[in-house]
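To start, the structure itself, in structure tokens.
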Amino acid sequence: MFIGLLLALAAGSLVSMQNIFNTKVNEHTGSWATTTLVLGMGFVASLTIGLLFEGKQMFTLPNMQPWYWISGLIGVGVVICLVQGTKLLGPTYAISIVLTAQLAFALLWDSLGWLGLEQVPFTINKLLGVLVIVGGIIVFKLGGRRESQKSKEASVLGLE
């Protein structure tokens, strides 16, 4: 379990960092060029590392459902939406919404047993956990508005 926690923490930090990098790339190119660069470089890196560690065995895909192949298309949507969301909302706000949406949909899919997942019972505690996070995002966003309003008022009054 400890290794799983460390890997999840690493993934979170890497997704956040990648999102910032992607947004910076998007400032110099378009969304589709950014997506192509990100996923293209990811493909080359994954292929290279996969061949080094697994060799030809990497291409053995026993009993895989054909519809799982669309995950690459989902990745295109992820990159496009994250880059645009970050550009419009800023990294902290965009990522907090993304993570909340991930948690809410994971709860939905787990509870319903969709996408080949083992069905996990829905509990009120799980729903409350998601709602607490949503509440935190609202407090975070409203708190930011108040700070920016105070800053504007101080600037108008010449206090800064």
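Considering only residues two or more places apart in sequence or on other chains, Glu27 meets the side chain to side chain contact (heavy atoms under 4.5 Å, CB included) condition with Lys24. By the side chain to side chain contact (heavy atoms under 4.5 Å, CB included) test, Phe59 pairs with Leu47, Leu51, sequence neighbours left out. Remark: Leu88 engages no residue in a side chain to side chain contact (heavy atoms under 4.5 Å, CB included) (not counting sequence neighbours). Applying the side chain to side chain contact (heavy atoms under 4.5 Å, CB included) criterion to Val38, with sequence neighbours excluded, gives Gln18, Asn22, Thr34, Val79. Under the rule for a side-chain hydrogen bond (donor to acceptor under 3.5 Å, both in side chains), the partners of Thr86 that lie at least two apart in sequence or sit in another chain are Asn19. By the side-chain hydrogen bond (donor to acceptor under 3.5 Å, both in side chains) test, Ser111 pairs with no residue at all, sequence neighbours left out. Partners of Glu118 according to the salt bridge (Lys or Arg N to Asp or Glu O under 4.0 Å) rule, which considers only residues two or more places apart in sequence or in another chain, do not exist here. Legend: residues meeting salt bridge (Lys or Arg N to Asp or Glu O under 4.0 Å) with Lys87, ordered by chain and number and at least two apart, are absent. Remark: Phe105 engages Trp109 in a ring-ring contact (aromatic ring centres under 6.0 Å, His included) (not counting sequence neighbours).
Under a cut-off of 6.0 angstrom, the local environment of CH2 in Trp69 is sparse, with at most 12 non-hydrogen atoms contributed by other residues, nucleotides or ligands.
Cluster partners of Leu37, by chain and number: Val25. The rule joins Ile, Leu, Val, Met, Phe, Trp and Tyr whenever side-chain heavy atoms lie under 4.5 Å apart. Under the 4.5 angstrom side-chain criterion for Ile, Leu, Val, Met, Phe, Trp and Tyr, the cluster partners of Ile3 are Leu7.
To the nearest 0.5 Å, atoms CG (Leu117) and CG (Leu112) are separated by 10.0 Å.
The minimum heavy-atom distance linking Leu115 with Tyr68 is given by the pair O-OH, 4.0 Å. What you find for Met58 and Glu54 is that their closest heavy atoms are CA-OE1, 3.5 Å.
No donor-acceptor pair under 3.5 Å is formed between the side chain of Ser46 and the backbone N or O of Phe43.
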Side-chain donor-acceptor distances from residues 120-140 under 3.5 Å, at least two apart:
| unit_1 | atom_1 | unit_2 | atom_2 | d |
| --- | --- | --- | --- | --- |
| Thr123 | OG1 | Lys126 | N | 3.3 |
| Lys126 | NZ | Pro121 | O | 3.0 |

